[in-house]
Enquirer: 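Take this structure first; my questions come after.
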Amino acid sequence: MAPSIAAAMAAADANPEVQLTQTLYRAALVSSWGIPAGVRVLEVGCGQGDMTAVLAEAVGPQGRVVAVDIADSSYGTPVTLGAVGGAPGWCPTEWCSRSS
């Protein structure tokens, strides 16, 4: 699943190998936390949403991820999370910023 998550990230076009490496690391980290499917997760300081995408995959379609960041929405998160929100098998994802 990591390759499809990495491909959905905003920076994937610029350097897909680096994006895949970082996504594999995030996936291993989330796996080590033992987050069960179907739970709700709050991610504070989500940045552009790379970890948010991995969390969404971990909790599955019955779970929910709410991601917040103080950065303005022009930072890039809507692009990344827009791709994540439409991916089959991923949970609903909400994004909140200072301007939303």
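By convention here, the first residue in the shown sequence is residue 1.
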Enquirer: Not counting sequence neighbours, list each pair that qualifies as a salt bridge (Lys or Arg N to Asp or Glu O under 4.0 Å) and has a residue in residues 10-23.
Expert: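 Qualifying pairs, neighbours excluded: none.
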Enquirer: For residues 28-46, which residue pairs qualify under side-chain hydrogen bond (donor to acceptor under 3.5 Å, both in side chains), counting only residues two or more places apart or in two chains?
Expert: Glu43-Thr52
Enquirer: Applying salt bridge (Lys or Arg N to Asp or Glu O under 4.0 Å), which residue pairs with at least one partner in residues 23-35 are found, sequence neighbours left out?
Expert: Arg26-Asp50
Enquirer: For a quick test of reading the model, state the closest non-hydrogen atom pair linking Val59 to Ile35 and the distance between them.
Expert: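 Heavy-atom minimum between the residues: CG1-CG2, 3.8 Å.
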Enquirer: Apply side-chain contact (heavy atoms from CB on, under 4.5 Å) to residues Val41 and Val66 and explain how you reach the verdict.
Expert: CA-CA 6 Å; Val41 174; Val66 175; over 6 Å; no
Enquirer: Any chance you could pull the hydrophobic cluster mates of Leu24, using side-chain heavy atoms under 4.5 angstrom and chaining through other members?
Expert: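 Once heavy-atom contacts under 4.5 Å are chained together, Leu24 belongs with Leu20.
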Enquirer: Please tell me if the side chains of Met51 and Val30 come closer than 4.5 Å, counting only heavy atoms from C-beta onward.
Expert: yes
Enquirer: Going by the rule side chain to side chain contact (heavy atoms under 4.5 Å, CB included), which residues pair with Val18 if we only count those two or more places apart in sequence or in a different chain?
Expert: Asn15, Gln22
